[in-house]
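Here the structure is a predicted model, which means the values were calculated and not measured. Start at 1 with the first residue, then count along the sequence.
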Amino acid sequence: MKKKYTITPFLKLTVLALALVLTTTGVVAAYTPDMSNGADNFYKSNEVTMKKVEFKNQYNMIVAGNLFIPKGLNKNTKNPAIIVGHPMGAVKEQSANLYAQKMADQGFVTLSLDLSFWGESEGQPRNAVSPDIYAEDFSAAVDFLGTRKFVDRDRIGAIGICGSGSFVISAAKIDPRMKAIATVSMYDMGAANRNGLKHSLTLEQRKKLIAEAAEQRFVEFTGGETKYTGGTVHELKEDTDPIQREFFDFYRTPRGEFTTKGSSPELTTHPTLTSNVKFMNFYPFEDIETISPRPMLFITGENAHSREFSEEAYKLAGKEKELYIVPGAGHVDLYDRVNLIPFEKLTSFFAEYLK
C-alpha cells in the first residue's frame, strides 16, 4: 500500500492547498524575498573546482557531499581542510555550499555534506532525526578528507550552521581529529526541543509532544500515514510569528528554496514526527569542556532568536574559545547574507588553528 504523508496539526503547521498557484520550484509566486545585505545562497565561485563525492559512515550508509578545491592548489602538498554542515532540515545546497566555497576561496579544501536521511545522502525513512548518526557523518567526513593525499589529516576543522552546530560539537567531543570547531547561528537541537526558545515549553507540553509521537508509531507500524513536524510553514498568515516569517523568507522563496530530487516542496525542512523526539535525549553541551584545548568559535547574530544557544555553549566550553556577535544580524541572516557573515573572522580563525 502506498503511504500518504501528512504534517501534524499539533504545531499548527500548514501545507498549501493544491489550488494555490506555485512556481516551478514550489514557491508561492506572489512573495518577494528580502535579498538585502548581499543574500547569495546559490553563490558560485570561479576560483574553485567542485566535485560531487560519496563516502560511507560507520553504519555503512552513503553520505553525499560536494568537495571544493581551490584552483591552483598544490596537490603534491598536504593542505588544511574544513567540513561544513547545513542547517537542521536543510540540505548542503542551503548555506553549506556557500560557506564551503567562500572558505575555499581563501585557500582551504572544503567539503559540504548532506546529513544522513536528508538531501542526496542515504537513510530511510527520509527526513528522519538521529542526532548520533548526524554526528557520525561529521566523523565520516574526517575519514574521507583525511585519506585524500592532498589533505593534512592533522589540520581538519569543521563549521556547523544552525542545528549542525550542535551536531559537530557532539562529534568533536569524541573525535579529536577535528582540530578547530566553529558554529554559526547554532541551535542546540536538544534544548530547543525539550524546552523551546527561552524555556517557553512547559513540561506538560513536552510530555504531550512525546505522547503524540509515541502513539503515532502504532499508526505507522501498521501502514498508516507518516506525519511530519517542525520545519517551516508553507504560507504566511496575519498571525504567523516573526521567527517563522524569517525562515519562510529563506526556505519558501527563490532566496534559498531547494528541493532534492525524490523529495517534494511539501516535505522539505520537516522531520518525521516519530523520530523528532530523539532530540529530547540529545545533550550536546554536556562535557563540551572536554573539547579543550582545541579551539571553538561561536558566531551568532546580535538579534538572533537562537543567540541563547551560542552564549550557553561559550559559557560551558573550556579554554581557547570565543563568542563573536555580528551586529544587527538575525538568525537566518547568517545563512546567506554575505555582507553580514564574518568570513574574515572564520578565515583568520582557521588560518591560525589549522596552520
Side-chain angles (χ1 to χ4, degrees), residues 43 45-51 53 55 65-85 95-113 135 138-161 164-165 167-186 288-300 310 313-314 317-326 334 338 341-355:
Y43 168 77
S45 174
N46 294 320
E47 304 302 317
V48 306
T49 59
M50 188 274 280
K51 179 183 179 182
V53 297
F55 49 92
N66 290 333
L67 181 66
F68 298 97
I69 301 175
K71 291 181 179 178
L73 181 85
N74 186 351
K75 291 190 176 181
N76 294 318
T77 63
K78 298 290 188 179
N79 299 277
I82 301 170
I83 303 157
V84 184
S95 193
N97 276 354
L98 167 63
Y99 273 74
Q101 289 179 92
K102 286 290 187 179
M103 297 308 292
D105 284 342
Q106 301 304 314
F108 297 95
V109 175
T110 61
L111 173 67
S112 64
L113 71 158
F138 279 94
S139 287
V142 177
D143 297 340
F144 173 81
L145 285 174
T147 52
R148 302 308 98 184
K149 65 180 182 179
F150 50 87
V151 170
D152 186 343
R153 62 174 59 178
D154 292 322
R155 291 192 290 160
I156 298 175
I159 300 172
I161 304 164
S164 278
F167 309 144
V168 74
I169 287 173
S170 179
K173 287 191 296 184
I174 58 172
D175 194 339
R177 300 174 303 168
M178 299 180 196
K179 302 301 183 182
I181 297 94
T183 67
V184 181
S185 287
M186 177 171 55
I288 189 175
E289 72 278 4
T290 62
I291 294 175
S292 177
R294 287 174 289 152
M296 303 191 73
L297 171 64
F298 306 102
I299 297 174
T300 186
S310 293
Y314 174 76
K319 296 180 179 179
E320 297 296 336
K321 62 182 178 181
E322 182 177 358
L323 177 64
Y324 188 91
I325 298 175
V326 181
L334 299 184
V338 296
I341 298 169
F343 286 114
E344 290 184 1
K345 180 63 181 178
L346 284 165
T347 299
S348 64
F349 173 76
F350 286 109
E352 178 179 359
Y353 292 109
L354 298 181
K355 62 186 177 183

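- Listed here is the closest heavy atom pair of A172 and I291: CB-CD1, 3.9 Å.
- Among all heavy-atom pairs drawn from I181 and R294, the shortest one is CD1-NH1, 4.4 Å.
- Residue R153 qualifies as open at atom CZ: its count of foreign heavy atoms under 6.0 Å is 12 or below.
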Candidate pair I288 and M296, rule side-chain contact (heavy atoms from CB on, under 4.5 Å), full reasoning: CA-CA 10 Å; I288 189 175; M296 303 191 73; 4.1 Å; yes
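- F138 approaches G85 most closely through the heavy-atom pair CZ-CA, 3.7 Å.
- A side-chain donor-acceptor contact under 3.5 Å links K321 to the backbone of A317.
- Separating the CD1 atom in I82 from the CD atom in Q106 is a distance of 9.5 Å, to the nearest 0.5 Å.
- Listed here is the closest heavy atom pair of K78 and K149: NZ-O, 3.0 Å.
- In this structure, S45 contributes its side chain and E47 its backbone to a donor-acceptor pair below 3.5 Å.
- For the atom pair CZ of F55 and CG of D143, the computed distance is 8.5 Å after rounding to the nearest 0.5 Å.
- At least one donor-acceptor pair under 3.5 Å links the side chain of R177 to the backbone N or O of S139.
- Put simply, the side chain of T110 gets close to the backbone of A100: a donor and an acceptor are under 3.5 Å apart.
- Summarising the geometry of L354 relative to G157, their closest heavy-atom pair is CD1-N, 3.8 Å, with the distance given to 0.1 Å.
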Verdict with supporting geometry, L334 and V326, side-chain contact (heavy atoms from CB on, under 4.5 Å): CA-CA 9 Å; L334 299 184; V326 181; 4.2 Å; yes
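- Using a 4.5 Å cut-off on side-chain heavy atoms (C-beta onward), L111 and V53 make contact.
- Qualifying ring pair (Phe, Tyr, Trp, His ring centres under 6.0 Å) partners for Y314, counting only residues two or more places apart in sequence or in other chains: none.
- With 3.5 Å as the limit, one finds no donor-acceptor pair spanning the side chains of D152 and N79.
- Shown here for I83 and A141, the closest heavy-atom pair between the two residues is CD1-CB, 3.7 Å.
- Here the OG1-CZ distance, from T77 to F150, works out to 10.5 Å after rounding to the nearest 0.5 Å.
- Checked by atom type and distance alone, the side chain of R155 never pairs as donor or acceptor with a backbone atom of A81 at under 3.5 Å.
- Side-chain contact check for V84 versus M103: every heavy-atom pair is 4.5 Å or farther apart.
- Atoms OH and CD1, on Y99 and I159 in that order, are 7.5 Å from each other to the nearest 0.5 Å.
- Remark: the backbone N or O of N46 is paired with a side-chain donor or acceptor of K71 at under 3.5 angstrom.
- Sequence neighbours left out, the pairs with a member in residues 343-352 that pass salt bridge (charged side-chain N to carboxylate O under 4.0 Å, His left out) are E322-K345.
- The distance from atom CD1 of I169 to atom NZ of K173, rounded to the nearest 0.5 Å, is 8.5 Å.
- Among the candidates Y324, Y353, F350, the single residue satisfying the side-chain contact (heavy atoms from CB on, under 4.5 Å) test with L297 is Y324.
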Steps toward side-chain contact (heavy atoms from CB on, under 4.5 Å) verdict (L67, L145): CA-CA 9 Å; L67 181 66; L145 285 174; 3.9 Å; yes
N97 and F68: CA distance, side-chain angles, deciding distance, side-chain contact (heavy atoms from CB on, under 4.5 Å) verdict: CA-CA 9 Å; N97 276 354; F68 298 97; 3.8 Å; yes
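- Contact check for K75 versus I69: side-chain heavy atoms found under the 4.5 Å cut-off.
- In this structure, CD1 in I299 is found 11.0 Å from CE in M186, a value given to the nearest 0.5 Å.
- Scored by the ring pair (Phe, Tyr, Trp, His ring centres under 6.0 Å) test, F108 finds no partners at all (sequence neighbours excluded).
- Using a 4.5 Å heavy-atom cutoff, the side chains of P293 and K319 are not in contact.
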